[in-house]
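One structure is given here, and the rest of the page talks about it.
Quick note on labels: first sequence line is chain A, next is B, and so on, each numbered from 1. Below, all heavy atoms of this structure are taken into account, side chains as well, without hydrogens, waters or symmetry copies.
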Amino acid sequence: HVKLGDNFTAYSLFKAMKKRDCFPDVVTYNAIIHCLCKEGFLGTAIKMFESMETDGCIPNVVTYSSLLHGFLKLGRLRSAYTLFQRMEKIGIKPDAHVYCILIDGFGRFGKLGHALRFLDQMKREGCPRNSVIYNSLIGSFIKMGRVQEAARFFYEMSHNELAPDVFTFSILIGSCGNCGLPNEAYQIFRRMTENGYKPDAYVYTALINSFGKAGQPNRAWQLFEEMKAHGCAPNVATYNSLINYLGKAGQTDEAYKLFEEMAERNCTPDLFTFSTLMDIFGKARNIRASCALFNQLKTRGLVPNAFVYNIHIQNLWRAGELKMACDVFHEMQTVRCAPDAVIFNTMIGVLVEAGDTNAAILLYEEMTEGGLRPN
RNA sequence: AACGCGAUGAUAUC
């Protein structure tokens, strides 16, 4: 069940087995801690970790790596570091997996010094590096603008007889796209194919997105067709990216046709798809279409998040439906979707435009008291 | 005893 991503069933079974005095072992605990961390229930995961001992289970390196991953995903770097030290202190030797998690986790929050220190420690301990480590380092260093060092890691990889893999190329192509360098992204793409690497949907999506972002949606579309011609099936992210940039370029009909094509190709639209289309139609002043999409996503069993609500509220605002915008803001809270800072920004705008400055000030206070930072 | 558990890449809003 954990492997299938059915964390809820996994957790129920775990509780059922404890109720019947069937005691979980380390592996079972590890699986459940892993899925709790993945679902964001870090507190429960920690409680599990602490109750392991009473069940006579001794946490092992896998237990620690799951928890470290849980902390780092939430950006709790300090707690992760403390846990890592505790693990070493009780004599559990960190393996390559643990270092991957640490280097990736610290790196993605810009703590490159820490990432480098972990890499160093790995080397000192004779723990072999793998491509996951280098891919993480390359990604984080590029993101922080330290491209020269990222390039050094790329070459260091080969020295360790680690060939770059499809992950490495997708990081490089995606980074070029983020920097507004679609032609460079394409050069890397060509080089990887010339060297016998088979680009997958992630690579194509990164490439298509690079051209879309650079204001060349039709070039992106052309690559999308090439992708299909080469037998690589576009996935939901590929469609989402292309729909987004066609829409942003004002080609709303084409964007909607792609949405319809998804159904023909058994590609299930997700929240990204709907929010992208809702935004496109809202900005094209087609409030009916955007509201229809909002209803459709719900009937399809998707649960709107703060992102989707924000687009919906903004569209209503643009259409002059200030009352409805306020109603939706309240609706989201009754369905336990916590508004984020962006939503508060939007709603403050709505209330000011509605002439209700007092309510806007109250919302501002609600926002700051809720621990959200005004931006 | 064996088996089972952990890591890196793409897409949406102000």
- Aromatic contact, Phe294(A) with Phe274(A) (centres under 6.0 Å): no

- Message: Any base atoms under 4.0 Å from Val98(A), or only sugar-phosphate, or nothing? Heavy atoms, all strands.
- Response: base

- Task: Indicate, with a heavy-atom threshold strictly under 4.0 Å, whether Asp25(A) touches base, sugar-phosphate, or nothing.
- Result: base

- Message: Base, sugar-phosphate or nothing for Lys73(A)? Non-hydrogen atoms, less than 4.0 Å.
- Response: sugar-phosphate

- Identify whether any heavy atom of Asn209(A) sits under 4.0 Å from a base atom; if not, whether one sits that close to sugar-phosphate; answer base, sugar-phosphate or nothing. sugar-phosphate

- Which part of the nucleic acid, if any, lies within reach of His34(A) when heavy atoms closer than 4.0 Å are counted: base, sugar-phosphate only, or nothing? sugar-phosphate

- Sorted by chain and number, sequence neighbours left out, side-chain contact (heavy atoms from CB on, under 4.5 Å) with Glu365(A) holds for Ile361(A), Leu362(A), Glu369(A)

List the atom pairs, donor and acceptor, that lie under 3.5 Å between side-chain atoms in residues 29-40 of chain A and the rest of the protein, sequence neighbours left out.
{"unit_1": "Tyr29(A)", "atom_1": "OH", "unit_2": "Lys18(A)", "atom_2": "NZ", "d": "3.2"}
{"unit_1": "Tyr29(A)", "atom_1": "OH", "unit_2": "Asp55(A)", "atom_2": "OD2", "d": "2.6"}
{"unit_1": "Asn30(A)", "atom_1": "OD1", "unit_2": "Thr63(A)", "atom_2": "OG1", "d": "2.6"}
{"unit_1": "Asn30(A)", "atom_1": "ND2", "unit_2": "Val26(A)", "atom_2": "O", "d": "3.4"}
{"unit_1": "Asn30(A)", "atom_1": "ND2", "unit_2": "Asn60(A)", "atom_2": "OD1", "d": "3.2"}
{"unit_1": "Glu39(A)", "atom_1": "OE2", "unit_2": "Asn7(A)", "atom_2": "ND2", "d": "2.7"}

- Contact class for Thr276(A) vs. all strands (heavy atom < 4.0 Å): base, sugar-phosphate, or nothing? sugar-phosphate

- Message: Base, sugar-phosphate or nothing for Val26(A)? Non-hydrogen atoms, less than 4.0 Å.
- Response: nothing

- Query: Hey, do the aromatic rings of Phe41(A) and Tyr11(A) have their centres closer than 6.0 Å?
  - Reply: no

- Message: Within the 4.0 Å heavy-atom criterion, would you say Asn235(A) contacts the bases, only the backbone, or no part of the nucleic acid?
- Response: base

- Query: Do we get Arg219(A) above Tyr186(A)'s six-membered ring, with its NZ or CZ under 6.0 Å from the centre and within 45° of the axis?
  - Reply: yes

- Task: Say whether Asn135(A) and Thr168(A), considering side chains only, have a donor N or O and an acceptor N or O under 3.5 Å apart.
- Result: yes

- If you look at every strand shown and take non-hydrogen atoms under 4.0 Å, does Lys248(A) touch a base, only sugar-phosphate, or nothing? sugar-phosphate

- Earliest and latest nucleotide of RNA chain B, 5' to 3', sitting under 4.0 Å from a non-hydrogen atom of chain A? G4(B) to C14(B)

- Message: At 4.0 Å (heavy atoms only), tell me whether Asn305(A) reaches a base, stays on the sugar-phosphate, or touches nothing.
- Response: base

- Give one of base, sugar-phosphate or nothing for Ala31(A), where a contact means two heavy atoms less than 4.0 Å apart. sugar-phosphate

- Between Phe344(A) and Tyr364(A), does the ring centroid distance fall short of 6.0 Å? no

- Item | Identified stems (criterion: three or more consecutive Watson-Crick or G-U pairs, under 3.5 Å), RNA chain B | none

- Describe the nucleic acid contact of Lys38(A) in one word from base, sugar-phosphate, nothing, applying a heavy-atom distance below 4.0 Å. nothing

- Message: Need one value for Thr205(A): base, sugar-phosphate or nothing, where a base atom within 4.0 Å counts as base even if backbone is also close, heavy atoms only.
- Response: base

- Task: Tell me, please, which residues at least two apart from Thr193(A) pass side-chain contact (heavy atoms from CB on, under 4.5 Å).
- Result: Phe189(A), Pro199(A)

Donor-acceptor pairs under 3.5 Å, side chain of residues 138-150 of chain A to any protein atom, not counting sequence neighbours: which ones?
{"unit_1": "Ser140(A)", "atom_1": "OG", "unit_2": "Ser136(A)", "atom_2": "O", "d": "2.8"}
{"unit_1": "Arg146(A)", "atom_1": "NE", "unit_2": "Glu149(A)", "atom_2": "OE1", "d": "3.0"}
{"unit_1": "Arg146(A)", "atom_1": "NE", "unit_2": "Glu149(A)", "atom_2": "OE2", "d": "3.4"}
{"unit_1": "Arg146(A)", "atom_1": "NH2", "unit_2": "Glu149(A)", "atom_2": "OE2", "d": "2.8"}

- Query: Using a cut-off of 4.0 Å on non-hydrogen atoms, how would the nucleic acid contact of Thr346(A) be classed: base, sugar-phosphate, or nothing?
  - Reply: nothing

